[in-house]
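So the structure is just underneath, and the comments pick up after that.
Along the sequence shown, residues are numbered consecutively beginning with 1. Keep in mind that this is a model prediction, so the values were computed, not measured.
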Amino acid sequence: MFRVATRPALRAPRIMLPSAMARRHKTSEPPNRRWDAEMTAEESHLEDVEMPAAPPRPPGDEFTSVLTQLQKMDPATASPQRVSKRPALDIASWNVYHMHCSSSSNNTITSLTDPNGVTKGLWSGGSVGFRKGNRESYEAGYQCAIRVFEKAHAICSADTNARLAVHFKGFGQGRDAFKSAILTMEGEKIRDKIVSVSDRTPLKIGGARAKKRPRK
């Protein structure tokens, strides 16, 4: 004789009414009512405690908000605002000259142009006395920076409204040499004339496939 296993029938979830929940609790009242009763007792206990009164204010000392004080303030009798000791900048009268530093893995080229874009001087690693592989060195970039600083100092001495803007291009050793030269004694003469520094290095984003690098 074989016994067939049957699946037990599913029971419906038991729903307990609020009255049944109250009977299962130790007290005859639901939990929320008991909590309210305890809070009411604590509040009544706090009401019996006497809080110290605030000290009396001196006569004539009325509390007013900051906004009310500003509205009542007379501009004629108000204290003057803080005036900066730094003089105002007259940017419209500036003659901005541009110092360019183009540094690559083969050479460093520096130039100086006037506000109209006319070249006032151009120096490279070869023009300052370096040959072949030495044109890309740090010292070559440093010497190019000194040459352009001397030319810029001569122009700034003749024109009091002359200012300088520095533009970098490339990531060669001459770039670091140019930045270091600005912070040395050679760049102290034109350092206070620099008003802006920018980077004009072109960065490729997407585009055509790059050329295969040569083997080393």
Inset, instruction - Mind checking the NE2-CG spacing from H100 to L112? Nearest 0.5 Å is all I need. - result: 8.0 Å

Legend entry - Nearest-0.5 Å distance that lies between atom CG in L164 and atom CD1 in I155: 8.0 Å

Legend entry - Euclidean distance, N107 CG relative to R135 CZ, rounded to 0.5 Å: 5.5 Å

Inset, instruction - Tell me who clusters with I205, hydrophobic residues only, linked when side chains sit under 4.5 Å apart either directly or through other members. - result: none

Inset, instruction - Look up atom CG in D199 and atom SG in C101, then write down how far apart they are to the nearest 0.5 Å. - result: 10.0 Å

Inset, instruction - Examine distances only and state if a side-chain atom of R191 and a backbone atom of T184 form a donor-acceptor pair shorter than 3.5 Å. - result: yes

Legend entry - Check against side-chain contact (heavy atoms from CB on, under 4.5 Å), T108 and F178: CA-CA 10 Å; T108 300; F178 196 96; over 6 Å; no

Inset, instruction - Considering non-hydrogen atoms only, spot the tightest contact between I109 and S124 and give its length. - result: CG1-CB, 4.0 Å

Legend entry - Atom of G125, atom of V128 and distance for their closest heavy-atom approach: O-CG2, 3.3 Å

Legend entry - Over all atoms of both residues, closest heavy-atom pair of Y138 and A177: O-CB, 3.4 Å

Inset, instruction - Look at D159 together with K193 and state whether they make a salt bridge at an N to O cut-off of under 4.0 Å. - result: no

Legend entry - Shared hydrophobic cluster, Y142 / V148 (ILVMFWY, side-chain heavy atoms < 4.5 Å): no

Legend entry - S103 side chain to F171 backbone, donor-acceptor under 3.5 Å: no

Legend entry - Over 12 foreign heavy atoms within 6.0 Å of NZ, K132: no

Legend entry - Value rounded to 0.5 Å, distance of CD in Q143 from CH2 in W123: 13.0 Å

Legend entry - side-chain contact (heavy atoms from CB on, under 4.5 Å) between V96 and H98, intermediate numbers included: CA-CA 7 Å; V96 182; H98 302 271; 4.1 Å; yes

Legend entry - Nearest-0.5 Å distance, CH2 of residue W94 to CG of residue N161: 10.0 Å

Inset, instruction - Please answer whether the main-chain N or O of G170 pairs with a side-chain N or O of R175 as donor and acceptor at a distance below 3.5 Å. - result: yes

Inset, instruction - Starting from the C-alpha separation in whole Å, work towards a yes-or-no answer on side-chain contact (heavy atoms from CB on, under 4.5 Å) for I182 and M99. - result: CA-CA 12 Å; I182 295 176; M99 293 191 301; 5.5 Å; no

Inset, instruction - For H153 and S157, work out which heavy atoms get closest and say how close. - result: O-OG, 2.8 Å

Legend entry - R163 side-chain N/O to I194 backbone N/O, donor-acceptor pair under 3.5 Å: no

Legend entry - Side-chain donor or acceptor of N116 paired with backbone N/O of V118 under 3.5 Å: no

